[in-house]
Amino acid sequence: PKDSALRGKTVVVTAGPTREKIDGVRFLSNYSSGKMGFAIAADAARRGAVVRLVTGPVNLPTPPGVERLDVESAEQMLAAARPLFDGCDLFIGAAAVADYRPEAPVEGKIKKNAAEMELHLVRNPDILATFATGRKPGQLAVGFALETAGGVEYARKKLVDKQLDLVAFNIYDGRTSGFEVDTNALTLLGRDGSVTELPLLPKEEAAGKLLDAIEPLLRR
Ligand code: C5P
């Protein structure tokens, strides 16, 4: 579309899971497929934006016109994304970043000797919050809130805590919405208090609706 507010804008998208090393052959991760983030990146590029996609390990082709950076861990994702913060107009955090990582990954393979073993975890950096709290006026920050229950109140809290402009809340029911599947039912929460409930849609269409909601914010 010629009249898109995204035309010529620079967009950074994070996508996929992260992998947090336990030892040389094992990691902690989650079921994120990267589909939502890739769909957003693809549609933003189609609308004429310069799109940089920082992704954890996924099995997806790079969308046309998108510049892709592959990473594994949350720390690597932040290191790859941070240099892109400065010049971007919009940051969309669609990655399912692991909240914790093993404190001291072991080199080589841990042997099974004892009957039990303990894994000590430490908090990972929050990539979206790092961007949102450090950004310059005019830069937009958009995030996702995936919850199994409880819902919109948690998402609203995330919007406030991470100082975001928009949060896409999605329920993870393990079937139709959330991780790994091709569809998503998003509820968009705006900083202005607006609530937009979208129906269950293919992730490509959900991505389009999300960008439709972001465009007016970019025009301001
Ligand atoms: O706090 P929570 O992880 O539920 O927030 C989800 C949002 O924050 C998503 O947009 C996700 O991409 C982003 N996030 C992040 N770095 C983290 C954790 C979450 O960018 N370490």
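Counting starts at 1 for both ligands and their atoms, following the listed order. Everything quoted here is computed from the prediction, not taken from an experiment.
- Listed by chain and number, residues touching ligand 1 at under 4.0 Å (heavy atoms only) are Gly93, Ala94, Ala95, Val97, Asp99, Pro125, Asp126, Ile127, Leu128, Gly143, Phe144, Lys158, Lys162.
- Ring orientation note: the planes of Phe85 and Phe91 are nearly perpendicular, at an angle over 60° on the 30°/60° scale.
- In this structure, Asp161 CG and Asp126 CG are separated by 10.0 Å, a value rounded to the nearest 0.5 Å.
- Scored by the salt bridge (charged side-chain N to carboxylate O under 4.0 Å, His left out) test, Arg101 finds Glu75 as partners (sequence neighbours excluded).
- Partners of Phe144 by ring pair (Phe, Tyr, Trp, His ring centres under 6.0 Å), not counting sequence neighbours: none found.
- Qualifying salt bridge (charged side-chain N to carboxylate O under 4.0 Å, His left out) partners for Glu67, counting only residues two or more places apart in sequence or in other chains: Arg52.
- Between Lys111 and Asp23, no side-chain nitrogen of the basic residue sits less than 4.0 Å from a carboxylate oxygen of the acidic one, so the salt-bridge criterion is not met.
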